[in-house]
Amino acid sequence: MNRLLLVFLLTIGAVFGGSPEKGCGNNPADIVFVLDESGSIWGPHFKQQLKSVQDIIESFDIGFNRTHVGVLTFGTNNRVIFPLGKYTNENELKTAVAGIRQQRGETYTHLALKRLREEMFSPRYARPWVRHVAIIITDGESNYPQETKREAALCHKENYQMFSIGVGQSVVRNELEAIASSSDLVFTVDSYGALESLRQILAWKACEPPSTPAPPTTTTPEPPPPPQMIEGCSGYKKMDHIWSISDQAGVEETNYALNFIRLTTNEMNIDPQRVQVGLSPRFCDEGNAIRLKDHDTKEGFGRDLDRRRLTGVRSDRTIEYIRREGVSPQNGGRSDAIKFGILIVDNTEANWENALNQARLAKEEGIRLIVIGVGSRVDTVKLAQLAWSEKDSITVSSYSQLSDKKSAIVQRFCDGITQRVWRKSFLESLYDY
């Protein structure tokens, strides 16, 4: 460990006198770890690197309006493991880091820095009002040193705070210095196991506000407002919502429904840090194909045909999909987001008891169901029982009138992300019915 680093560590130990407080609380930052996963790194050492990153994450105050963390890895190819803002919970972050699997390859550091600039710190993921910090960890010289220096210079022009950490005996000091924003942000350690020694200094330096001239006034500037989820709505909670269209809607009706969905979602700020939108599949197929060899009598063929008749909509399948897949983490669902399911139905329920049970489970899981009934064949009383509340059951006489309800639907979304949202208990759900 170099002398400068040792001095820093001793200073931090003297100041904090033990375990440091969570960093960046009053100075939130967007922090991206850029991790070398090339073939020169032994598998157990790569795991040590991941463990050290998890330990460093513990030093930051992670949260929606606090510090965000992203991870980018590089070998011959580079991979966005997860972008900034995907996880705003410390435990989820650490679990995601622990699950990274090494891809190996060459050391194309220049392409990783390019992706850092063009994607990780792009407006899609990074917040413009916080500092952008990159922590690059590598075990040796890049395959294209000049390209690496050129990409690093482009990052410096964006005013990123760039740390470079070299591990082992094969690192090249002048390349580390070219990557870092300044010489005091360059560190070297003998092994990946020694990365733990950098935990406090990285947290301190990453959270340190940049040096700027003293402002001419003593007035404390107002903190930036939280990101807006819906135009004109003060609610700032993240929102995940899944739309569904009746299985029995025809071509014209489907187009009206799709236009309505687009019109409504145009009022929202859709990105991974704010609002996410999905559309459920249709569940109108009641069986497999009838093959030529399946029947040798007209009676058998007739019975099979009768089984294909549509007796009503299958909201039970739609709600089950929303619960199990639509808002699941593997499909992008976020644990800290308010969840909605919007059902557009135009007929009676084919399996009412199943639909009622799925709606109850959805409510217990905190999924707010908005049910829009279209036409004269819907049962408005039953639709109200499926919906999260009476206000979340809406009817129109035809698909062409869906657009008239845009404001009402947007208001339901706004209410959901503004008010306190709770999971309905089993007894509350029984009372609904």
Side-chain angles (χ1 to χ4, degrees), residues 63-66 68 85-86 88 123-125 127-129 222-245 256-280 318-319 322-323 326-327 332-345 359 362-374 380 383-396 399 401-424 428-429 432:
F64 177 67
N65 287 320
R66 298 290 186 169
H68 291 182
K86 181 174 178 61
T88 54
R124 180 181 180 188
Y125 301 116
R127 298 167 292 178
W129 58 86
E222 291 291 328
Q228 192 175 50
M229 304 297 157
I230 302 173
E231 297 297 333
C233 175
S234 62
Y236 61 88
K237 296 183 179 71
K238 296 180 182 179
M239 181 170 68
D240 292 342
H241 63 290
I242 307 292
W243 292 79
S244 74
I245 301 173
Y256 275 124
L258 293 174
N259 289 339
F260 168 62
I261 293 172
R262 173 170 292 192
L263 189 67
T264 305
T265 53
N266 279 345
E267 299 293 322
M268 304 171 190
N269 292 308
I270 297 176
D271 66 43
Q273 297 180 34
R274 293 187 274 188
V275 178
Q276 295 188 143
V277 187
L279 180 67
S280 77
T318 298
I319 300 172
I322 293 171
R323 290 181 48 243
V327 297
R334 299 164 294 182
S335 61
D336 57 344
I338 305 301
K339 297 173 175 58
F340 288 86
I342 308 93
L343 282 63
I344 301 175
V345 299
K363 293 174 186 179
E364 290 177 2
E365 294 164 9
I367 302 172
R368 300 175 69 98
L369 295 179
I370 299 175
V371 185
I372 305 172
V374 182
T380 56
L383 291 187
Q385 294 181 60
L386 296 181
W388 175 266
S389 71
E390 184 177 348
K391 291 183 179 179
D392 295 302
S393 176
I394 297 170
T395 58
V396 293
Y399 276 91
Q401 292 185 351
L402 281 173
S403 59
D404 296 338
K405 297 297 182 180
K406 184 201 76 171
S407 296
I409 298 298
V410 171
Q411 186 61 53
R412 300 312 301 144
F413 288 141
C414 182
D415 290 345
I417 63 175
T418 304
Q419 299 170 356
R420 181 176 69 90
V421 176
W422 62 91
R423 292 174 184 265
K424 290 199 172 185
E428 287 175 317
S429 296
D432 286 342

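On a predicted model such as this, the values are computed, not experimentally measured, just so you know.
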State the [atom1]-[atom2] distance between [X] and [Y], to the nearest 0.5 angstrom.
X      : Y      : atom1 : atom2 : result
Leu402 : Ile344 : CG    : CD1   : 5.5 Å
Ser280 : Leu343 : OG    : CG    : 7.5 Å
Trp243 : Thr318 : CH2   : OG1   : 14.0 Å
Arg368 : Ile342 : CZ    : CD1   : 11.5 Å
Ser393 : Gln385 : OG    : CD    : 10.0 Å
Gln276 : Thr265 : CD    : OG1   : 13.5 Å

Exercise. Are any non-hydrogen side-chain atoms of Ile409 and Phe260 less than 4.5 angstrom apart?
Worked result: yes
For this session: State, yes or no, whether a side-chain contact exists between Ile230 and Ile417 at a heavy-atom distance under 4.5 Å.
Result: yes
Locate the shortest heavy-atom distance separating [X] from [Y]; write the atom from each residue and the value.
X      : Y      : result
Leu263 : Ser403 : CD2-CB, 3.9 Å
Met268 : Val275 : SD-CG1, 3.9 Å
Gly341 : Ile322 : CA-CD1, 4.0 Å
Ile394 : Ala408 : CD1-CB, 4.4 Å
Leu386 : Leu369 : O-CD1, 3.5 Å
Ser389 : Arg412 : OG-NH2, 3.9 Å

Problem set entry | Set of residues satisfying salt bridge (Lys or Arg N to Asp or Glu O under 4.0 Å) with respect to Lys391, sequence neighbours excluded |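 None.
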Exercise. Of all residues at least two apart in sequence or in a different chain, which pass the salt bridge (Lys or Arg N to Asp or Glu O under 4.0 Å) check with Arg323?
Worked result: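 Arg323 satisfies salt bridge (Lys or Arg N to Asp or Glu O under 4.0 Å) with Glu365 only.
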For this session: Could you give me the CA-CA distance, side-chain angles and deciding distance for Arg274 and Met239, then say whether side chain to side chain contact (heavy atoms under 4.5 Å, CB included) is met?
Result: CA-CA 6 Å; Arg274 293 187 274 188; Met239 181 170 68; over 6 Å; no
Exercise. Taking it one step at a time, do Ile261 and Leu279 satisfy side chain to side chain contact (heavy atoms under 4.5 Å, CB included)?
Worked result: CA-CA 10 Å; Ile261 293 172; Leu279 180 67; 4.2 Å; yes
What residues, two or more places apart in sequence or in another chain, satisfy side-chain hydrogen bond (donor to acceptor under 3.5 Å, both in side chains) together with [X]?
X      : value
Ser335 : Glu92
Arg334 : Asp240
Thr88  : Asp336

For this session: Apply ring-ring contact (aromatic ring centres under 6.0 Å, His included) to Phe413 and list each qualifying residue two or more places apart in sequence or on a separate chain.
Result: His241, Phe340
Problem set entry | From CA spacing to verdict: side chain to side chain contact (heavy atoms under 4.5 Å, CB included), Val371, Asp392 | CA-CA 6 Å; Val371 185; Asp392 295 302; over 6 Å; no
For this session: Run the numbers on Thr395 and Ile372 for side chain to side chain contact (heavy atoms under 4.5 Å, CB included), then give the verdict.
Result: CA-CA 5 Å; Thr395 58; Ile372 305 172; over 6 Å; no
